[in-house]
Amino acid sequence: MGDDLLIQTNNISLKQIAESGQCFRMNQISEKRYGLVAFGEYVELLQLDDCRAEVLGVPQEMLPVWEDYFDLGYDYGSVVKMLCKGEDVFLRKAAAFGSGLRILRQEPFETLISFIISQNKNIPAIKKIIEKICLTYGEKKRRRIKGGSDIAYYAFPAPEKLAEAGKDALRTLGLGYRDEYVHGAALAVAEGRLDLCKLKDKSCEEVILELMELRGVGRKVASCVALFAFHKLESIPVDVWINRVIEEIYGGSFRWETYKNQAGLIQQYMFYYIRNGR
DNA sequence: GCCCAGGTGGGAG
DNA sequence: CTCCCACATGGG
C-alpha cells in the first residue's frame, strides 16, 4: 500500500489549487476529496480543515517529494497578509479570495507539454487532451487507496514515448496545429538537446529563454513552466486573463517590479480571482 | 451556429 | 516597435 502524508500548514485549499489552472490532472472526487496523478503515482487528497490536508497513498520514500510538490517550505500566509494589509484594493480582494493557493513543483516535462497544449484552448479542453495523451501513451497502473476501490490510472508518458509516436499520430488525439510543437519538444528532450534537469539551477530568465528556443513555446508558455515546474516565483505568465486585469483594473500597466520574487504568486492570485471571484 | 480559449509564428507597416 | 492574421479543435 503506502503511507499517508499529513500536511499541516496554513493557506492550503485543494479546491483552489485544483481550479487554479496550474495543474491539469487534479480532479474532484467528492466534496473534500481529490484524485491526482503525478510522479507516476495515483494519490488522493483530502481536505481535513482550513489548515490541514492529507495525501493518501504515498509510498514512504516519496514523502519528501510530495512535501516539495505542495511547497510546504514556503510561507504563503505572510504574502497573503502583506497583500491584505496593502493599499491595492484589487490585490487585497484577490489574496483574500485565493488565500489557499500554492505554487506547486510539478514535473518539468509534463508541465512543458501541458502548457504547449494550453495555447488557445480553455482549461476543460486542455485537461481532456492531456488525459487522452496519458491514456494512449502513458503506462497503465493500478492502485487501491484505503477506503476506496481499485483504481486504474495512466502515468504521463516519457519524452521518448511521445517522440516515437510521431506528429501524425498525435494529431488524431485532437491536438490540432500543436501536434508538431508537442512532438518537437518531446524529441528535443528525448535526444538530450534540451536537458530539463539542468534548467533547475539556472536563473528564471535563462530558463525562459532556453525553453523559448522550442518551436511553439513563447514567453507565456515558458513562463508557466518556469513558475509551475521550476518554481521561479519571479516568473510572470501573462495570458488573456492577466491582460484583462491589467487593462480593466490597472488602466493598461502594472508594476510587477514592486513584488519581485513574489510576482508570479501575485499573478496567480489575480488569475484565480478574475476567473472565479469577481 | 457562434464566440472564445492560461498563444505563437510570421508578416506588414 | 506595434498591429494583424492564420492556425485546429472543442467547450459553453
Side-chain angles (χ1 to χ4, degrees), chain A residues 15-28 94 97-98 101-104 106-108 110-133 135-136 165-188 194 204 207-250 252-254 256 263-278:
Chain A
K15 172 180 157 63
Q16 289 175 14
I17 292 169
E19 294 174 351
S20 71
Q22 63 175 309
C23 57
F24 301 103
R25 300 195 76 194
M26 181 169 167
N27 298 304
Q28 187 166 33
F97 184 75
L101 289 168
R102 306 182 80 85
I103 305 294
L104 305 174
Q106 302 181 80
E107 294 164 280
E110 175 175 342
T111 308
L112 173 60
I113 298 300
S114 296
F115 279 97
I116 287 175
I117 292 168
S118 79
Q119 68 185 73
N120 226 32
K121 276 198 169 300
N122 57 38
I123 292 175
I126 299 164
K127 295 179 75 163
K128 197 162 276 188
I129 288 202
I130 291 172
E131 219 47 49
K132 202 182 282 188
I133 286 181
L135 191 88
T136 310
K167 73 178 176 75
D168 292 331
L170 291 173
R171 173 65 69 101
T172 65
L173 299 178
L175 280 172
Y177 64 88
R178 305 165 193 75
D179 58 354
E180 57 179 306
Y181 300 161
V182 169
H183 184 248
L187 209 53
L194 173 61
C204 179
V207 170
I208 290 173
L209 290 178
E210 189 154 337
L211 290 172
M212 283 175 69
E213 297 286 311
L214 296 168
R215 193 173 164 72
V217 176
R219 178 160 286 271
K220 155 66 172 64
V221 168
S223 300
C224 283
V225 180
L227 181 60
F228 302 132
F230 295 109
H231 210 261
K232 306 294 183 187
L233 291 183
E234 66 268 48
S235 178
I236 310 155
V238 178
D239 72 330
V240 292
W241 294 94
I242 295 298
N243 270 326
R244 208 165 285 170
V245 170
I246 294 174
E247 287 305 316
E248 293 175 13
I249 310 293
Y250 295 99
S253 70
F254 182 81
W256 295 105
L265 180 53
I266 303 294
Q267 172 275 155
Q268 198 63 7
Y269 291 130
M270 285 180 177
F271 179 83
Y272 185 71
Y273 183 57
I274 197 70
R275 294 184 80 249
N276 303 284
R278 183 92 313 204

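Residue numbering restarts at 1 for every chain, and letters A, B, ... go by the order of the sequence lines.
- For A:Leu214 and A:Gln22, each mapped to the nucleotide of DNA chain B holding its nearest heavy atom, the one lying further toward the 5' end belongs to A:Gln22.
- A distance-only check finds a donor-acceptor pair linking the side chain of A:Asn276 to the backbone of A:Tyr272 [under 3.5 Å].
- Between A:Phe271 and A:Asp239, some side-chain heavy-atom pair lies under the 4.5 Å cut-off.
- Rounded to an integer number of Å, the gap from A:Asp239 CG to B:dT8 C1' is 14 Å.
- Across all strands shown, A:Ser20 has heavy atoms under 4.0 Å from base atoms, whether or not it also approaches the sugar-phosphate.
- A distance of 10.0 Å separates CD1 of A:Ile133 from CD of A:Glu110, quoted to the nearest 0.5 Å.
- Ranking B:dA5, B:dG6, B:dG10 by closeness to the A:Phe115 side chain, first place goes to B:dG6.
- Residues passing the salt bridge (charged side-chain N to carboxylate O under 4.0 Å, His left out) test with A:Glu131, sequence neighbours excluded: A:Arg25.
- Between A:Gln22 and A:Gln106 the shortest side-chain heavy-atom distance falls below 4.5 Å.
- Regarding A:Asn243, its CG atom lies at a distance of 14 Å from the C1' atom of B:dT8, rounded to whole Å.
- Interatomic distance, CG of A:Leu170 versus OG1 of A:Thr136, reported as 9.0 Å (0.5 Å rounding).
- Contact annotation for A:Val238: no contact, since no heavy-atom pair falls under 4.0 Å across all strands.
- B:dG7 atom P lies 18 Å from atom CD of A:Glu180, rounded to whole Å.
- Looking at A:Glu234 and A:Ile236, their side chains never come closer than 4.5 Å, going by heavy atoms from C-beta outward.
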Enumerate all atom pairs, one protein N or O and one N or O from nucleotides 7-11 of chain C, separated by less than 3.5 Å.
unit_1, atom_1, unit_2, atom_2, d
C:dA8, O4', A:Tyr177, N, 2.9
C:dA8, N6, A:Asn120, ND2, 3.1
C:dA8, N1, A:Asn120, ND2, 3.3
C:dT9, O2, A:Lys121, NZ, 3.1
C:dG11, OP1, A:Lys128, NZ, 3.1
C:dG11, O4', A:Asn122, ND2, 3.4

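- For A:Arg244, a side-chain nitrogen or oxygen approaches OP1 or OP2 of B:dA5 to under 4.0 Å.
- The closest donor-acceptor contact from the side chain of A:Gln267 to the backbone of A:Gly264 lies under 3.5 Å.
- One atom, CE of A:Met212, and another, P of B:dG10, lie 12 Å apart when rounded to the nearest Å.
- Between A:Val238 and A:Phe254, the closest side-chain pair of non-hydrogen atoms is not below 4.5 Å.
- In this structure, CZ in A:Phe24 is found 5.5 Å from CD1 in A:Ile130, a value given to the nearest 0.5 Å.
- Between the CD1 atom of A:Ile116 and the C1' atom of B:dG9 there is a distance of 14 Å, given to the nearest Å.
- We find that NZ of A:Lys220 is positioned 13 Å from P of B:dA5, with the value rounded to whole Å.
- Against DNA chain B, the stretch residues 268-278 of chain A makes heavy-atom approaches under 4.0 Å through A:Gln268, A:Phe271, A:Arg275.
- Taking a pair as Watson-Crick or G-U wobble with both distances under 3.5 Å, the runs of three or more consecutive pairs in DNA chain C are B:2-5 with C:9-12, B:7-13 with C:1-7.
- Looking only at side-chain heavy atoms (C-beta outward), A:Lys127 and A:Asn27 come within less than 4.5 Å of each other.
- Here A:Asp168 contributes atom CG and A:Thr172 contributes atom OG1; the two are 9.0 Å apart, rounded to the nearest 0.5 Å.
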Give every pair of a protein N or O atom and an N or O atom of nucleotides 1-5 of chain C that lie under 3.5 Å apart, one pair per line with the distance.
none

Would you give me the side-chain donor-acceptor pairs under 3.5 Å for residues 209-225 of chain A, sequence neighbours excluded?
unit_1, atom_1, unit_2, atom_2, d
A:Glu210, OE1, A:Lys202, NZ, 3.2
A:Arg219, NH2, A:Glu205, OE2, 2.7
A:Ser223, OG, A:Arg219, O, 2.6

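- When rounded to the nearest whole Å, the span between CD of A:Glu213 and C1' of B:dT8 equals 15 Å.
- Distance check on atom P: B:dG6 versus C:dC5 gives 22 Å, rounded to whole Å.
- Going from atom CD1 of A:Ile246 over to atom C1' of B:dG6 covers 13 Å, rounded to whole Å.
- Between A:Met270 and A:Ile249 there is no side-chain heavy-atom pair separated by less than 4.5 Å.
- The closest side-chain heavy-atom distance from A:Cys23 to A:Phe228 is not below 4.5 Å.
- Counting non-hydrogen atoms under 4.0 angstrom, A:Phe24 reaches nothing in the nucleic acid.
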